[in-house]
Amino acid sequence: MAETISRRSFRTVLGAVLPVRYWKRSWKSLGLFFALIGPGIITSNVDNDAGGITTYSLAGAEFGLSLLWTLIPITLLLVIIQEMCARMGVVSGKGLSDLIRERFGAKVTFYLMMLLFLANLGNTLSEFAGVAASMEIFGVSKYFSVPLSALFVWWLVVKGSYKSVEKAFLVACLFYLSYIISGFIGQPDWGKVGAAVITPTFRMDPGFITMTVGIVGTTIAPWMQFYLQSSVVDKGLKAEDYKYTRLDVILGSFTVNIVAFFIIMLCAVTLYQNGIKIESARDAALALEPLAGKYCSLFFAFGLLNASLFAASILPLSTAYTICEAFGWESSIDRKFTEAPQFYGMYFLMIFLGAGIILLPDVPLISIMYYSQVINGVLLPFVLVFMLVLVNDRRIMGNYTNGKILNIISWLTVLILVFLSLAMVVTSFV
Amino acid sequence: MVVNSEPQVFLFLSKILGGKVIDSEGRPVGKILDLVARVAEPYPVVTYLLLKTGREKKQSLLAWQEVTETGERFVASRQTLEDYHEPVLQEGELLLKDAFLDKQIVDTNGAKVRRVNDLQFLKARNSLHVVHVDVGFRGLMRRVGLEKLMDVISRGFFDYVPPDQFIPWKFVQPLASPDLLRLNISQSRLAMLRPADLADIIEDLDIHRRTVIFKALDVETAAETLEETDPKVQVSLIEEMEVEKASDIIEEMSLSEAADLLGDLPKDKADDILMEMEKEIAEDVKELLSHPEEEAGGLMTTSFLSFTPSVTAGEALDVIRKEAEDMDFVYYLYVVDDRERLMGMMSLRELLVALPETPLSELMDTRVVSVSLDEHKDTIAEHFAKYGIMALPVVDRSNRMKGVIMFKNLLEIVAPELGK
């Protein structure tokens, strides 16, 4: 037999070579936390969207430092709710709308999704309004900025992959620093601010109560639960990695409230102290200029732009994703248009309506946003109760159901939130 | 011969559920909660009704044979109710609503994961068979109770009636019931799918069902399916497996795919698997792992055919016949000298038409295009486009042959979005 050189004999000498790719991986595993974070931080930060920033600015301008303390209980509520969602995602491997459909059937799911679509459409609208408002501070007409940002949002998702989109979102999270910077430029009296954070004050006047409910409502929205759980599932996180996910959620809940803290505080020490009345985040940015300087105002406006654009990218995406998941339609940004027509159709409709309505002359913007908040308020109790039923279902969660104490705390949390959102719905009609 | 003149009647599960059962005198017996069916070929047969009887939460079973259905009215001829307790179902029986409605199934014809909106039954000679699974919008609207409204709107505005979207039962692979999944896959309907389609389906499922299905595949199908799967999913599937089974599967994969997968795994798991693998394959994989993924060394496979120039065409063919099964790439033969330096190449076709006694040195083409181990993927892609070849040899600094880059592997790096 002629000598043939077997492919095996080549290798024996090289067996001892240190595999380069291994080395790269173990370097990566050092930063395992950074590989696994994302869903929690992104979800929380999107929460500080145009509507959120407006609410915080108004809270600071109208009530000074007296509402700052509410951020502490809100942070706790947020952690409790989001932790359950993340846990469900990790354990079941399914999205929230998927679980709701399988457990509660087609009819309930259908109406829930209809409401979610309307609520999220309203939210998207207010994000594009935020883009228009902030760009106007920079001297750009809304007829230019809004179509351009709609195109940007479309392009980001259709041309990007899940990975690149997540990276872009994490960068957007960093830009929230601009609020912290503008907070420091405002030169507050830190002693007084610190005291306000730890002294709960409550007033029985309707304006004060409405504003408290508003802050809670803008921080805990129905769509976030769907988005958070889906992105945890999409990231393919496993039960062993759960501790990182929990950290991610907690970190996210804190950052969102730190940003909120700086906005309320800044508006309190500048606008409230000088008795300036505002009606929107745009007013706040403009009013800051004579009080705290040009840069403070510009940072504030930039923050609003970033937040609006960020949320406008995520809301339509999350809505399309959630609804397709519930009805079993193909849904992924990694698929082509023809493979997922419902997904892209819904995504397009949300952006088109969201950006288009803003450009119409004489839109009753305030009342549109108001009613979208009301729909959010109606929706939230259902979503939360469904979540609690699901998270305690052993067939889904196995040994990862809520413990006794956690159940008491979470039912209390849900009751408080249900009460607050009902209060908001009721007061809106009175 | 008796002509069976009984008309065939189609029923929907959504229309049966919640229906009231009465006895022959019109007194209420109970409300239908679910149907029990026995999985049989070609169609599952409904055996019992699960009823809610009485005011408490009491549940009972009523045999379908004792019920006559006439236009949404269910009349029980005799009343022999059996109490229902959780594990009363027998082997091969399942609750239809519980197992299917709103759950996911695999449509093995369209190779897609779908969500079940409704089930359609055929009533023939008073027995009830599951014949279709409804996954369409019409089914969804029927469940919501808006089917008629949808028809009015779509006919009024678009002069169009949305059609039903049924999947015949023979193309349905249930996913919800773990018992059905634990069946040997070769007996289940998933065996009809090509590995690439199976990979798509696995990607669409949640992490638990992925693992159940994947574990049920035989080693060869598992390896082929894994090669077609998204890297992130590959990792999660392998991490859920015992080391021995995982190493068996990875051994069956092509070397370059195996190396990519092991490179993506956590180091501990990858080391365990490498230890368990056949030594020779493990060595080859380690060699590939020592090169970055985007360079020639990381793209190539070390499983190719090489011969010394004195070997004759006939001898070479004998070797190929014996070894081709285990090789990643067999369409080109490479000729190397005794120090493994690349001298020339020829295609399998040239070998087949050559006289058996001709030595390879006379047959080979010495104008071989090759690249070095650290060549970048873009240059490699240019070579492929320019020379129109199926594979590209990789050599080290002293022109010693190290491996072969197959077009397929290059495509995955250059255009990862294709075919996913």
Side-chain angles (χ1 to χ4, degrees), chain A residues 1-26 29 32 90-95 98 100-111 114 161-163 233-240 325-330 332 334-336 342, chain B residues 14 101-104 112-117 135 137 140 143-146 176 205-210 232-233 235-236 239 259 263-267 270 280 283-284 286-287 289-293 298 302-308 310-312 315-316 319 327 336 338 340 400-402 417 420:
Chain A
M1 183 77 217
E3 78 262 52
T4 58
I5 297 166
S6 144
R7 62 184 167 119
R8 314 286 189 212
S9 62
F10 288 5
R11 309 282 78 85
T12 39
V13 201
L14 289 154
V17 174
L18 175 76
V20 174
R21 255 187 274 164
Y22 267 11
W23 179 76
K24 255 167 58 185
R25 294 289 159 186
S26 57
S29 72
L32 190 61
V90 167
V91 175
S92 71
K94 293 178 184 175
D98 191 338
I100 289 180
R101 171 76 192 267
E102 296 197 348
R103 182 73 161 67
F104 299 101
K107 202 167 189 170
V108 169
T109 312
F110 180 80
Y111 289 112
M114 294 274 276
S161 69
Y162 178 76
K163 245 188 195 154
V233 172
D234 235 41
K235 228 174 141 85
L237 298 172
K238 281 194 289 291
E240 300 96 86
E325 194 178 64
F327 297 139
W329 298 327
E330 204 72 68
S332 170
D334 293 333
R335 306 241 176 225
K336 290 189 202 70
Q342 294 96 340
Chain B
S14 61
L101 218 51
D102 299 312
K103 307 293 193 298
Q104 290 180 315
K112 269 203 169 73
V113 179
R114 306 301 297 259
R115 198 176 282 285
V116 178
N117 290 327
V135 296
F137 193 65
L140 180 66
R143 292 284 306 289
V144 177
L146 296 175
L205 295 177
D206 66 79
I207 200 157
H208 309 294
R209 284 184 292 188
R210 257 176 209 167
K232 212 167 65 184
V233 180
V235 170
S236 79
E239 280 190 315
D264 285 344
L265 285 174
K267 194 175 177 333
E280 287 177 338
E283 295 296 334
D284 287 347
K286 273 188 203 155
E287 151 75 5
L289 272 172
S290 64
H291 301 287
E293 213 168 343
T302 49
S303 168
F304 59 90
L305 293 160
S306 62
F307 299 92
T308 45
S310 57
V311 176
T312 65
E315 288 167 337
V319 173
M327 292 276 161
V336 295
D338 52 2
E340 295 173 11
R400 278 194 302 243
M401 179 133 181
K402 289 287 158 191
E417 71 282 2
K420 287 291 173 203

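Note that the coordinates shown come from a computational prediction; the quantities given were computed from them, not determined experimentally. Naming convention: chains lettered A, B, ... in sequence-line order (proteins, then strands); numbering from 1 in each chain. Any value given below was found using the heavy atoms of this structure, including those in side chains, with hydrogens, waters and symmetry copies removed.
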*For A:Glu102 and B:Lys103, which heavy atoms make the closest approach, and how far apart are they?*
O-NZ, 3.5 Å
*asked:* Please find the pair of heavy atoms, one from B:Val144 and one from A:Ala106, that lie closest to each other, and give the distance.
replied: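 Heavy atoms only, the tightest pair is CG2-O, 4.2 Å.
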*Under a 4.5 Å heavy-atom cut-off, does chain A meet the side chain of B:Val116, its backbone, both or neither?*
backbone
_Quick check on B:Leu146 against chain A: is it the side chain, the backbone, both or neither that has a heavy atom closer than 4.5 Å?_
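For B:Leu146, the side chain is the part near chain A, not the backbone.
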_List the residues meeting salt bridge (charged side-chain N to carboxylate O under 4.0 Å, His left out) with B:Arg210, not counting sequence neighbours, and say none if there are none._
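B:Arg210 satisfies salt bridge (charged side-chain N to carboxylate O under 4.0 Å, His left out) with no other residue.
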*Chi angles and distances behind the salt bridge (Lys or Arg N to Asp or Glu O under 4.0 Å) call for A:Asp98, B:Arg115*: CA-CA 10 Å; A:Asp98 191 338; B:Arg115 198 176 282 285; 2.8 Å; yes
*For the atom pair CZ (A:Phe327) and CZ (B:Arg114), what is the distance rounded to the nearest 0.5 Å?*
14.0 Å
*asked:* I need the A:Arg101 CZ to B:Leu101 CG distance, nearest 0.5 Å.
replied: 7.5 Å
*So which part of A:Ser92 gets closer than 4.5 Å to some heavy atom of chain B, the side chain, the backbone, both or neither?*
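Contact with chain B is through the backbone of A:Ser92 alone.
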_Interface moiety of A:Phe104 toward chain B, non-hydrogen atoms closer than 4.5 Å_ = neither
*Min side-chain heavy-atom separation A:Lys94-B:Arg209 under 4.5 Å*: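 Yes - at least one pair of side-chain heavy atoms lies under 4.5 Å apart.
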*Which one, B:Ile207, B:Leu205, B:Leu140, leads in non-hydrogen pairs under 4.5 Å with chain A?*
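Looking at each option in turn, the highest pair count goes to B:Leu140.
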*What option among B:Asp102, B:Asp206, B:Val235 has the most heavy-atom pairs under 4.5 Å with chain A?*
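Option with the greatest count: B:Asp102.
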